[in-house]
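Data first, discussion second: the structure below is written as structure tokens.
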Protein chains: 2
Amino acid sequence: MARRGDTIELAVLGLLHEGPMHGYELRKRLNLMLGWGRVLSYGSLYPALKKMLRANLITEVVATTTPTTRRPRIVYEVTEAGNAEFNRLMSEVGPTAWEDGNFDIRFAFFSSTDMEIRLRVLEGRRSRLQERLARVQAELERTQAEVNRYAAELQRHGVESVEREVRWLSDLIQAERGGDVAPEATPSAATPSAASPTARTPGTTGAPAAND
Amino acid sequence: MARRGDTIELAVLGLLHEGPMHGYELRKRLNLMLGWGRVLSYGSLYPALKKMLRANLITEVVATTTPTTRRPRIVYEVTEAGNAEFNRLMSEVGPTAWEDGNFDIRFAFFSSTDMEIRLRVLEGRRSRLQERLARVQAELERTQAEVNRYAAELQRHGVESVEREVRWLSDLIQAERGGDVAPEATPSAATPSAASPTARTPGTTGAPAAND
DNA sequence: GTTAGCATGTAAGGAGTTACATGATTTT
DNA sequence: AAAATCATGTAACTCCTTACATGCTAAC
């Protein structure tokens, strides 16, 4: 069960999956990867690493590998159990995989999963956003008149952004289906590409989209 | 000093500014306004209201105003001190006004401020985003090769979203400067721009930047 | 020689969530 | 008559940030 807060754990496992690393570097990579405003603090990274150590998901090795006598850095490496856990977390489909804080990190490590999972997560995410869109638009029809200019503009802009992301997801889904593994290379993905903004994803997905 | 966590307070003051309301309704309006994924819980709203009561920013009135004998709802109203506090918070320019979690709510209540403040906040927000963009792009030049396809696509999409938001802000700034108070009416603003200040929702959005 | 960046941690506390508890009213 | 939604709260807990504490190393 991957509940809230396992975000850091998954991210760490994913990064270490690509090779051993020490805390400081881990943090930098993490901030670049899913930061966009959020900055992970040491006060949250180091305790998380300690916890993972205790759970045997990673091991620490003091590395004195440097030129003169650099301060010994503690290099972390995934254990087999850690890799198993990583795979387990990545294979999970369901709200935990496509909810706001969780989707990004899964997506970033998509290379380590197979297409089936990728599709389910992408479709789940898309359904989630479409639901939201529907709910907000329904709400707007009832409230519309009373909102002020700026609040309305904010709403409009928000809706547009979500619609945009839906299109992005649709393009990615198509690319996956088309066997085109590279998502960015296709110019089609960047430009128009179809997406049904409103239409709920057909039964295809196993995503009933449980809510709040 | 409006530090973190005054978000709810400002939002509540802003909503009550438009008229008295009870908790349940407050929560719904709030979620619609800046929800986009986040759902404010009662466990955070009611204690916040209690705190504001103690601080004399609002008063509560038990309203038995309903048809038969509906459960008495507690209607909140801003006090003079509350209005003063609202104005103080809205007049603050600086990071607190344009940082991620704070910008949206200020923007929604922009009608209650004057153009000078609005411009400063919009410009501050834009600078912030541009800084991030610059930092990320600089970072990407150094790291580029090693990232995998999906992580790279996430980055690309994130950068694009932020660039979109910058354009949106620029349009709004121009509209303010042009004396055109209505931001949405202008077809120029509606068509090309649009990013999402609010809709951080999409996993992609963020910007890693802001490391210490 | 001093600033900036590398590197690792801990303690206290804030902001908000989940889960619990309760009950009235409206809609189906 | 059941289900949904209105309506108000509290207690425990979680995740994360801030601020503190320490010291090395590279560059200017």
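Letters A, B, ... are given to chains in the order of the sequence lines, protein chains preceding strands, and every chain is numbered from 1.
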**Asked** At under 4.0 Å between heavy atoms, what does B:Gly23 touch on the DNA or RNA strands: base, sugar-phosphate, or nothing?
**Response**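 Contact class for B:Gly23: sugar-phosphate only.
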Rounded off to whole Å, could you give me the [atom1]-to-[atom2] distance for the [X] and [N] pair?
| X | N | atom1 | atom2 | value |
| --- | --- | --- | --- | --- |
| A:Tyr76 | C:dA7 | OH | P | 13 Å |
| A:Lys51 | C:dG9 | NZ | C1' | 18 Å |
| A:Asn31 | D:dT17 | CG | P | 9 Å |
| B:Tyr46 | D:dT8 | OH | P | 4 Å |
| A:Leu40 | C:dG9 | CG | P | 15 Å |
| A:Tyr42 | D:dT22 | OH | C1' | 14 Å |
| B:Leu49 | C:dG16 | CG | C1' | 14 Å |
| A:Arg27 | C:dG5 | CZ | P | 13 Å |

Distance below 4.0 Å between [X] side-chain N/O and [N] OP1 or OP2:
| X | N | answer |
| --- | --- | --- |
| B:Ser41 | C:dG16 | no |
| A:Ser44 | D:dT17 | yes |
| B:Tyr24 | D:dT8 | no |
| B:Lys28 | D:dT5 | no |

Would a distance-only check, ignoring hydrogens and angles, find a side-chain to backbone donor-acceptor pair under 3.5 Å from A:Ser44 to A:Leu40?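 Not a single qualifying donor-acceptor pair exists.
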Can you tell whether the side chains of B:Arg120 and B:Asp114 come within less than 4.0 Å, N to carboxylate O?
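The answer is no: the pair does not qualify as a salt bridge.
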4.5 Å side-chain heavy-atom contact, A:Ile105 and A:Phe109
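In short, these two side chains touch, coming nearer than 4.5 Å.
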(request) Would you please name every residue forming a ring-ring contact (aromatic ring centres under 6.0 Å, His included) with A:Phe110, sequence neighbours left out? (result)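 Checked A:Phe110 against ring-ring contact (aromatic ring centres under 6.0 Å, His included); matches are A:Phe107, B:Tyr150.
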(request) List for me each residue that meets salt bridge (charged side-chain N to carboxylate O under 4.0 Å, His left out) alongside A:Glu60, sequence neighbours excluded, and say none if there are none. (result)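 A:Glu60 satisfies salt bridge (charged side-chain N to carboxylate O under 4.0 Å, His left out) with no residue once adjacent residues are dropped.
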(message) Of the listed nucleotides (D:dA7, C:dT8, D:dC16), which one gets closest to any side-chain atom of A:Ile8?
(response)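 Nearest to the side chain of A:Ile8 among the choices is D:dC16.
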What nucleotide among D:dT8, C:dA7, D:dT10 has an atom nearest to a side-chain atom of A:His22?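 Per side-chain heavy atoms of A:His22, the pick is C:dA7.
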